[in-house]
Amino acid sequence: MYSQEQLQKLRDAYAKGVLSVELAGEKITFTSGAEMRRRIRDIESDLSGGGSGMTVSYATTGRGY
């Protein structure tokens, strides 16, 4: 779905502080740097075969001492 080249373009744009980038002939504009970072992590996970990138946490309790 994604290519290493697309990932590098996003990384380069993020490093410059630019929130718009053209990928596969389509201009994409992010609303914030945080949104762009999330997309970069998603693509990295996809390219590495890491799955959905979601984690599950379970709460634990104790007696407090």
Side-chain angles (χ1 to χ4, degrees):
M1 182 174 194
Y2 300 104
S3 71
Q4 197 66 38
E5 181 183 338
Q6 290 172 321
L7 175 59
Q8 192 57 49
K9 281 185 178 182
L10 276 177
R11 286 178 177 161
D12 292 345
Y14 179 76
K16 293 176 187 175
V18 177
L19 295 177
S20 293
V21 65
E22 189 170 325
L23 299 174
E26 185 176 348
K27 186 172 182 173
I28 300 168
T29 303
F30 296 91
T31 57
S32 67
E35 180 189 7
M36 192 176 222
R37 283 192 312 270
R38 282 192 301 272
R39 181 54 54 122
I40 289 169
R41 282 194 305 266
D42 289 346
I43 293 172
E44 288 171 339
S45 177
D46 186 61
L47 289 175
S48 69
S52 67
M54 295 179 66
T55 60
V56 177
S57 300
Y58 295 97
T60 58
T61 60
R63 293 186 172 194
Y65 53 94

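Separating the CD1 atom in I40 from the CD atom in Q6 is a distance of 12.5 Å, to the nearest 0.5 Å. Here the CD1-OG distance, from I43 to S3, works out to 8.5 Å after rounding to the nearest 0.5 Å. Rounded to the nearest 0.5 angstrom, F30 CZ and R39 CZ are separated by 6.0 Å.
Side-chain atoms of E35 come within 3.5 Å of backbone atoms of T31 as a donor-acceptor pair (strictly under, hydrogens ignored). The main-chain N or O of S45 is found under 3.5 Å from a side-chain atom of S48 such that the two form a donor-acceptor pair.
What you find for S20 and A13 is that their closest heavy atoms are O-CB, 4.5 Å. The two atoms that bring G33 and L19 nearest to each other are N-CD2, 3.7 Å, heavy atoms only.
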* **Criterion side chain to side chain contact (heavy atoms under 4.5 Å, CB included) on L23 and K9, from CA distance to verdict** => CA-CA 8 Å; L23 299 174; K9 281 185 178 182; 3.9 Å; yes
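Salt-bridge formation is detected for the pair E44/R11: a Lys NZ or Arg NE/NH1/NH2 atom is positioned less than 4.0 Å from an Asp or Glu carboxylate oxygen.
No single ILVMFWY cluster, assembled from side-chain heavy atoms under 4.5 Å apart, contains both I28 and V18.
In this structure, E5 places its CD atom where only 12 or fewer heavy-atom neighbours from other residues, nucleotides or ligands lie under 6.0 Å away.
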